[in-house]
Amino acid sequence: MKTKVGIDRIHFYIPPQYVDMEELAQARKIDPAKFTIGIGQSQMAVTDYKQDIVTLAINAALPIISKEDRDIIDQVIVATESSFDYSKAASIYLHEALKINRFARSYEIKEACYAGTAALQAAVDYVRLRPKRKVLVVTTDIARYGLASSGEATQGAGAVAMLITADPAILAIEEESIAYTDNQFDFWRPQYDTYPRVDGKFSTDLYNQTFLNLMEEVGERKPDFWDAYQVQLFHLPFTKMGRKAIKNYRQYLSNSTDKISDTDQKLKALDLWEKHYEHAIEYSRNIGNIYTGSLYLGLISLLNYDQSLKEGDKISLFSYGSGAVAECFFGELQDGFREAILFKEIESMFQKRRKLSIEEYEELYLKSIETSDGIIEFDPSVHEGEFYLAKIDNHRRYYKQKISHQNDSKM
Ligand code: COA
C-alpha cells in the first residue's frame, strides 16, 4: 500500500485588529447589506503598518512546530503575493525564527491566490519520495485595494501554516489532481503599483467559468467523483464567491443535454456542497480575503464547524489564482482530524482582537514605514508570545518574540 501524505498540522494567524463591515459601509455611504449579504463579509482583519507578511507567517507556524520537527523539516516554502522584497524570500526569516535546521531549503512561490496550492503540491511530492522528512508550507498575505475602492470590502490579512508529512493526522492528499492555466487580466499588480489592478466583474466571471471547466474535466477523468466526494471547498476572496460558482454551475447543468440521470446526480451533489459550504465560510466572513491562504482557511473552518464530517470523508478543493491558474485536488479526512487542530487557540485569537473605528483604520492604512537609511525601532503591537518586527537597520528587517516579564530571565 502507498504511504499517505498530506496535512499533519494546520493553523492560522490573523492581525490583532479588525473593522466592522457595517460601520465601513456606513462610512462609505453604502447600504450595509451590500457588504454583509451581497458580498458576504461581517468583519475585516487589518494590519498595523508594522505587521508584515513575515510576522503573520511566523505567528501562524510557531504553535505547530515542535523541537523534533526542526531537525526533519527539509523545506520552508512561503506562498505570497504581498512580498516586501523582490529578491530575498520571506521563508528565510521564518526559517530563522522557527529555528529550523541549517540544511533546509527556503524559498517563496508566486501565482496570485493559487500559489499556496503550488507550494502544497511541491511539498506533498517531496514527502512522497522521502516519507521520513517534513515540509513546512506557509501562505501569508495582506490584501489591499485602496481606501474607498470597489475592492475595499474584500480586503483582509492573515497567514496559514501547514506541516506536510507522511501518515498525516488531518488530510491525506491524493496523488492525482487537475490543474488549469489561462492567460487573462482579471487581477494583476505591476511592480510600480501599490494596489492591484482588478477587473472585479470579469474576475468573478472568470472564476466561475474556470470552476465549470475544471469540474467538467474532473467528471471525465474521475468517474467516481460525483458519488464519492461529499464536500467541495472553494478559494474565498469573499464568502459569496463560492456560492456564485455553484449557482453558475447549476445553471449550466440545468441547460445540459447530458443524460438526465447524470445531470440529476450532479445537481444532488451541488445541494450537498451548499450545505457544507456554510461551515467553510465562517472564518473568512470575519477575516476577509487572505489571498493564498483563503482556501485553507475554509478547510479549517469546515473542520471546526461541520460536525457531520468523519474520518474517511472525501473532500474536493478548488484553488484559484487570478492571471489565471487553478487546480482541483482531493483529500481524505484522517482518524482524529479534529483533535489535531488548535481550535481553542483560534477562538482565543478572535476574542483578543480589537475593533478599530473607521477613523483609526484609515489612519493606520495611510501610515507606512520610512524607507530612508538608518535605524528604526518598533514597539510590539501584538500579544505576549507573538513575533513582531523589532527593527529595521539600513533596510534589513529583524524580528523578535514579545515575552512577558515573567519569562524575561529565561532569555
Ligand atoms: N443588499 C443586498 N445585496 C446587495 C445590495 C444590497 N443593498 N447592493 C448590492 N448587492 C449585491 C449585488 O447584487 C451583488 O450580488 P451578485 O454578485 O450576487 O449579483 C453584490 O452585492 C456585489 O455588488 P456589485 O455591485 O457587483 O459590487 P461591486 O461592483 O462593488 O464589486 C467585487 C464587487 C467583489 C467584484 C469587488 O469588491 C472587487 O472587485 N473585488 C476584488 C476582486 C475579487 O475579489 N475578485 C474575485 C475573484 S478572485
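Counting starts at 1 for both ligands and their atoms, following the listed order. Along the sequence shown, residues are numbered consecutively beginning with 1.
- Nearest protein heavy-atom contact of atom 7 (N) of ligand 1 is Asp31 OD2, 2.9 Å.
- At a 3.5 angstrom cut-off on N or O pairs, Ser203 counts as close to ligand 1.
- When hydrogens are left out, the protein atom nearest atom 15 (O) of ligand 1 is Lys240 NZ, 3.6 Å; that is the closest non-hydrogen contact.
- Protein heavy atom closest to atom 38 (C) of ligand 1, with residue, atom name and distance, is Gly151 CA, 4.0 Å.
- Among all non-hydrogen protein atoms, the one lying nearest atom 11 (C) of ligand 1 is Gly38 CA, 3.5 Å.
- Among all protein heavy atoms, the one lying closest to atom 34 (C) of ligand 1 is Phe238 CE2, 3.4 Å.
- Considering every non-hydrogen atom in both Asn286 and Glu282, the closest pair reads ND2-O, 3.3 Å.
- By the 3.5 Å distance cut-off applied to N or O atoms, Ser150 is counted among the residues near ligand 1.
- The existence of a salt bridge linking Lys134 and Asp69 is confirmed by a sub-4.0 Å separation between a basic side-chain nitrogen and an acidic carboxylate oxygen.
- Distance check on atom 13 (O) of ligand 1: every protein heavy atom falls at or beyond the 4.0 Å cut-off.
- Electrostatic pairing of Arg28 and Glu362 counts as a salt bridge here, judged by a charged N lying under 4.0 Å from a carboxylate O.
- Side-chain contact between Lys2 and Glu175 is present, with at least one heavy-atom pair separated by less than 4.5 Å.
- Considering only heavy atoms from C-beta on, Pro63 stays 4.5 Å or farther from Arg9 through its side chain.
- Checked against a 6.0 Å centroid threshold, the rings of Tyr291 and Phe187 count as neighbours.
- Using a 4.0 Å cut-off to heavy atoms of Val198, the atoms of ligand 1 that qualify are 42 (C).
- Taking atom 2 (C) of ligand 1 as the reference point, the nearest protein heavy-atom neighbour is Ala33 O, 3.6 Å.
- Aromatic ring orientation, Tyr207 versus Tyr320: tilted (interplanar angle from 30° to 60°).
- Between Phe225 and Tyr229, the ring planes are parallel. Angles under 30° get that label, and only those over 60° would be called perpendicular.
- Of the heavy atoms in Phe187, none comes closer than 4.0 Å to ligand 1.
- Closest to atom 39 (O) of ligand 1, if we only count protein heavy atoms, is Gly200 CA, 3.3 Å.
- Ligand 1 places these atoms under 4.0 Å from at least one heavy atom of Tyr145: 41 (C).
- Within a 4.0 Å radius of atom 32 (C) of ligand 1, the protein contributes no heavy atom.
- Ring orientation note: the planes of Tyr361 and Tyr365 are nearly perpendicular, at an angle over 60° on the 30°/60° scale.
- At a 4.0 Å heavy-atom cut-off, ligand 1 touches Pro237 through the side chain alone.
- Scanning all protein heavy atoms for the shortest distance to atom 41 (C) of ligand 1 gives Thr154 OG1, 3.5 Å.
- Of the residues listed (Tyr93, Phe387, Phe378), the one engaging Tyr399 in a ring pair (Phe, Tyr, Trp, His ring centres under 6.0 Å) is Tyr93, and it is the only one.
- Salt bridge annotation for Arg189-Glu81: absent, with no cationic side-chain nitrogen under 4.0 angstrom from a carboxylate oxygen.
- Residue Lys34 places at least one N or O, backbone or side chain, under 3.5 Å from an N or O of ligand 1.
- The distance criterion of under 3.5 Å between nitrogen or oxygen atoms is met by Lys201 with respect to ligand 1.
- Against a heavy-atom cut-off of under 4.0 Å, Lys244 is close to the following atoms of ligand 1: 16 (P), 17 (O), 18 (O).
- Close placement of the Tyr283 and Phe350 rings is indicated, their centers lying within 6.0 Å of each other.
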